[in-house]
Amino acid sequence: MTPASEPWDTARGAEIIAEHADLEGATLVILHALQEAFGYVPEPAIPMIASALNLSRAEVHGVFTFYHDFRREPAGRHVLKLCRAEACQAAGGDALVARAEAKLGIGIGNTTADNLTTLEPIYCLGLCATAPSAMLDGRLVGRLDEARIDALVAEAQR
Amino acid sequence: MNLRIFVPRDAGAVAVGADEVALALEQAASKRGVAIDIVRTGSRGLYWLEPMVEVATAQGRVAFGPLTAAEAAAVLDAIVTDGPHPLRLGVTEQIPWLKRQTRLTFARCGVVDPRSIEDYRAHQGYQGLERALELGSDAILAEVTASGLRGRGGAGFPTGIKWKTVAQTRADRKYIVCNADEGDSGTFADRMIMEGDPFVVIEGMTIAAIAVGASKGYIYIRSEYPHAVAAMNAAILSARRAGFLGGSSRSFDLEVRVGAGAYVCGEETSLLESLEGRRGIVRAKPPLPAHKGLFGRPTVINNVLSFAAIPFILAGGAKAYAEFGMGRSRGTMPIQLAGNIRHGGLFETAFGVTLGELVDDIGGGTLTGRPVRAVQVGGPLGAYFPRALFETPFDYEAFAARDGLIGHGGIAVFDDSVDMIRQARFAMEFCAIESCGKCTPCRIGSTRGVETIDKIRAGDRVAENIAVVEDLCNTMKFGSLCALGGFTPYPVMSALRHFREDFDPARTRLEAAE
Ligand SMILES: Cc1cc2nc3c(=O)[nH]c(=O)nc-3n(C[C@H](O)[C@H](O)[C@H](O)COP(=O)(O)O)c2cc1C
Ligand code: SF4
Ligand code: FES
Ligand code: FES
């Protein structure tokens with residue numbers, strides 16, 4: 001399971017922002033830290049970052065939306081990322097993605113209705129010699145086959 | 001004396017059970033009352049044998065693999081009694097796959113404890129820096145230039161020239177930036193060295209700082225690599241504690257920054273934008289980063305492997321490095337064998353080895369046992385090579401002459417079940433997903449490419465639509481600011497050129513009807 005996230009709290013958000021605001025080019029560092037704490041980047045944090053770093057809201061919003069990592073909303077309880085890049089394709093990854101989608105009843109990039117599992121694509125985990133690869137809540141899994149993907153999906157539904 | 005057992009902590013080994021193996025070894029040892037010390041190393045890079053554990057013996061380290069936690073106790077018994085075991089691989093250094101390599105950059109990876117600066121120093125670590133301090137800036141630049149080292153991130157630009165430009169540019173501060181974005185599928189050498197020998201990257205960057213007069217360095221690591229982030233952060237702390245970074249005696253210090261899942265941020269100017277806290281939009285050049293880079297200051301930006309090659313070049317001398325290789329590709333390349341391959345892993349060797357040797361002989365062909373049909377060299381922007389081009393030597397110019405690139409040295413192997421029109425489609429799709437959006441040919445052309453390839457797959461006016469794809473590729477190639485839009489045509493056009501039959505409507509229709 002992903003480490004439990006704190007609920008959004010303005011004072012806590014401000015504290016996290018202040019902690020990193022003095023770094024050179026702090027925006028990404030702050031966005032990462034907020035997501036780490038709250039599980040996503042809550043909308044009210046955007047203007048707070050902007051004023052702490054002396055940037056416009058639009059600028060911070062632009063940065064936030066540019067990067068694939070940052071979430072607008074909390075993810076499901078588990079996040080299962082499946083590699084979709086070429087080396088994993090070569091090792092049969094596409095069929096395993098389809099299998100996970102069928103088992104969960106959602107397309108990749110979505111969260112199950114019960115909010116338990118978010119299934120996401122990832123483009124290379126650097127495990128291309130033991131492909132296909134996955135990451136479940138930060139834990140790496142290589143040499144995926146049908147049995148392993150089924151086990152991962154089951155774990156991601158708990 | 002306690003038995004010393006080495007178990008990789010490398011993410012690739014952990015992904016196939018190395019942590020469980022380490023735990024099972026501990027438990028088996030305590031149950032038997034055997035005193036062991038487990039040292040968590042990097043990986044030797046023989047990934048089909050991971051988790052591979054080693055034990056120190058009088059003959060040298062002896063390897064066992066691939067292990068499962070269930071087999072750990074029996075392997076421990078074999079170690080204690082020096083008895084036989086089916087997973088015993090013999091003396092590690094004598095394993096032919098390792099013995100055939102020329103490990104200059106990866107000499108310590110899988111051998112040393114990556115958390116111990118003492119271990120690093122006991123294995124020739126910081127000898128390059130020592131010599132660099134004796135030589136001074138001009139002589140360092142001369143050595144790096146004479147080594148013939150070219151950037152290992154993809155473009156192959158001579159490292160010595162880049163450094164010299166920064167050294168000659170006057171400014172109040174200068175930066176050293178390490179590009180650890182390693183987004184190319186089929187590559188993992190940066191990850192391995194950061195996890196297995198992080199001090200060599202720090203040493204290389206420190207030497208660069210002395211050569212150009214920089215005071216601050218950043219390592220930009222992709223967020224997909226949390227293990228590498230942890231390893232580099234730990235190494236930076238211990239280098240600081242040992243007086244090799246920061247403090248008053250040395251003016252150079254380092255900081256890790258983590259990316260956020262954008263492939264284009266591997267492009268150097270996009271990376272600099274990202275480090276400055278902005279969207280990763282590619283900058284127009286000039287100005288070069290060497291003149292106006294991070295925060296407008298002169299900046300050396302190099303790939304992880306480029307920095308990691310530097311300590312050997314300084315310690316062993318430029319000549320020792322340049323003796324290896326062919327033509328204008330000097331030294332060694334850490335080649336990464338990946339995908340559907342029997343013997344996948346890290347194979348560092350002098351330039352000049354042929355693609356066929358790498359795939360068939362060293363790689364052992366496919367894991368599925370089916371014939372190799374295509375290999376993509378150099379990541380998502382690299383061309384697909386057919387067997388007919390397997391005599392191509394691994395060399396920057398030889399690959400360019402065949403409309404391909406070696407890129408960061410990744411080779412992804414596909415068997416005969418691959419459908420090359422799907423691969424061409426993926427190349428366009430990936431470009432559309434990852435485009436920074438600055439240029440129209442890249443942003444719009446890639447989306448149009450996907451649509452047009454879909455029409456071809458559906459058998460809709462195939463000849464005309466193939467011509468449209470070729471036209472789009474041409475526009476992307478010549479109208480894009482960076483190599484994302486500019487090189488996406490390589491995989492697409494190579495699929496069309498070498499695997500034309502997969503674009504045949506009869507065949508695609510047949511499949512659709514299945
Ligand atoms: C889309 C794109 C992605 C790139 N990704 C990387 C990367 O992940 N790592 C890297 O070192 N270079 C990457 N490059 C190349 C860099 O722009 C640059 O050439 C390199 O960092 C220079 O270092 P080097 O001379 O040591 O190779 C990429 C280039 C492009 C166009
Ligand atoms: S080619 Fe694509 S990624 Fe590169 S600068 Fe243009 S739009 Fe951005
Ligand atoms: S392509 Fe999937 S791990 Fe590299
Ligand atoms: S480029 Fe294929 S893995 Fe990211």
Side-chain angles (χ1 to χ4, degrees), chain A residues 20-21 23-33 35-36 41 49 53 55 59-70 81 83-95 120-136 138-144 148, chain B residues 11-12 14-16 45 47-48 50 182-188 190-192 223-228 255 257-263 265 274-281 295 336-341 344-346 367-368 376 379-380 410 412-415 418 422-423 426 430 433-434 436:
Chain A
H20 304 285
L23 293 174
E24 290 185 314
T27 319
L28 264 79
V29 183
I30 292 174
L31 290 169
H32 271 306
Q35 181 151 309
E36 168 103 16
V41 181
I49 300 171
L53 300 182
L55 300 169
E59 253 173 296
V60 178
H61 182 77
V63 175
F64 168 59
T65 52
F66 182 84
Y67 295 94
H68 301 303
D69 278 0
F70 300 127
K81 298 185 183 191
C83 179
R84 305 226 68 184
E86 292 91 333
C88 286
Q89 295 166 11
D94 287 346
E120 284 183 345
I122 192 161
Y123 294 94
C124 196
L125 287 158
L127 310 174
C128 330
T130 48
S133 321
M135 189 188 243
L136 175 61
R139 191 179 93 230
L140 297 171
V141 186
R143 288 188 198 134
L144 285 180
R148 286 211 176 92
Chain B
V14 167
V16 292
Y47 278 105
W48 76 99
E50 291 290 2
E182 196 165 62
D184 291 358
S185 167
T187 69
F188 43 84
D190 295 350
R191 179 187 63 65
M192 273 183 73
S223 60
E224 292 85 346
Y225 282 2
H227 296 73
E255 192 181 323
R257 286 291 173 92
V258 180
Y263 176 74
C265 286
S274 186
L275 266 181
E276 292 182 17
R278 284 197 289 273
R279 298 153 62 93
I281 306 282
F295 300 108
Q336 300 126 83
L337 300 172
N340 184 351
I341 189 157
L346 191 288
L367 183 65
T368 47
Q376 188 178 29
V413 178
F414 292 75
D415 72 13
V418 67
R422 273 188 72 158
Q423 299 311 120
F426 178 79
F430 187 73
I433 296 171
E434 300 296 338
C436 85

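Below, chain A is the first sequence line, B the second, and so on; all start at residue 1.
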With rounding to the nearest 0.5 angstrom, report the CG to CD distance, Leu23(A) to Glu255(B). 5.5 Å
Between Cys88(A), Ala90(A), Ala26(A), Ala91(A), who has the most heavy-atom pairs with chain B when the cutoff is under 4.5 Å? Ala90(A)
Taking side chain as everything from C-beta outward and backbone as N, CA, C, O, which of these in Leu337(B) sits under 4.5 Å from a heavy atom of chain A? Side chain, backbone, both or neither. backbone
Using a 3.5 Å distance criterion without hydrogens, assess whether the side chain of Ser185(B) forms a donor-acceptor pair with backbone atoms of Cys124(A). no
Under 4.5 Å from any heavy atom of chain A - which part of Gln336(B): neither
Could you grab the distance from atom OH of Tyr47(B) to atom SG of Cys128(A), nearest 0.5 Å is fine? 9.5 Å
Here the gap from Leu125(A) atom CG to Arg191(B) atom CZ, rounded to the nearest 0.5 Å, amounts to 9.5 Å
Interchain contact, Ser274(B) with chain A, by part (heavy-atom threshold 4.5 Å): both
Nearest heavy-atom approach of Glu86(A) to Phe414(B) is O-CZ, 3.5 Å
Relative to chain B, which segment of Arg84(A) carries a heavy atom at a distance below 4.5 Å: side chain, backbone, both, or neither? backbone
Note, Gln89(A) side chain near Gln423(B) side chain (heavy atom, < 4.5 Å): yes
Indicate, with yes or no, if the rings of Tyr123(A) and Phe430(B) have centres closer together than 6.0 Å. yes
Counting only heavy atoms closer than 4.5 Å, note whether Val413(B) contacts chain A via side chain, backbone, both or neither. backbone
Any heavy-atom pair between the side chains of Cys436(B) and Phe66(A) that's under 4.5 Å? yes
With chain B, the option among Phe64(A), Tyr67(A), Phe70(A) that has the most non-hydrogen atom pairs under 4.5 Å is Tyr67(A)
Nearest heavy-atom contact between Gly62(A) and Arg279(B) is O-NH1, 3.2 Å
Among the options Gly345(B), Gly280(B), Ala11(B), pick out the one with the most heavy-atom pairs lying under 4.5 Å from chain A. Gly280(B)
Greatest number of non-hydrogen atom pairs under 4.5 angstrom with chain A, of Ala262(B), Ala15(B), Gly12(B), falls to Ala15(B)
Using the side-chain contact (heavy atoms from CB on, under 4.5 Å) rule, take Thr130(A) and Glu50(B) through it: C-alpha gap first, then chi angles, then the decisive distance, then the call. CA-CA 9 Å; Thr130(A) 48; Glu50(B) 291 290 2; 5.5 Å; no
Does any heavy atom of chain A fall under 4.5 Å from the side chain of Ile433(B), the backbone, both, or neither of them? both
Among Ala228(B), Ala338(B), Ala260(B), Ser223(B), the residue with the most heavy-atom pairs under 4.5 Å to chain A is Ala260(B)
Inter-residue atom distance Cys265(B).SG - Leu28(A).CG, 0.5 Å rounding: 7.5 Å
For Ile341(B), which atoms come within 4.5 Å of any heavy atom of chain A: side chain, backbone, both, or neither? neither
To the nearest 0.5 Å, what is the distance between CZ (Arg278(B)) and CD (Glu59(A))? 8.0 Å
After noting the C-alpha distance and the side-chain angles of Arg139(A) and Val14(B), does the key distance pass the side-chain contact (heavy atoms from CB on, under 4.5 Å) rule? CA-CA 9 Å; Arg139(A) 191 179 93 230; Val14(B) 167; over 6 Å; no
Heavy-atom pair of closest approach, residues Gly344(B) and Ala129(A): C-CB, 3.9 Å
Using non-hydrogen atoms only, which part of Glu182(B) is less than 4.5 Å away from chain A: side chain, backbone, both, or neither? neither
Given that the side chain runs from C-beta out, which part of Ser133(A) has a heavy atom under 4.5 Å from chain B: side chain, backbone, both or neither? neither
When rounded to the nearest 0.5 Å, the distance separating CZ of Arg257(B) from NE2 of His32(A) is 10.5 Å
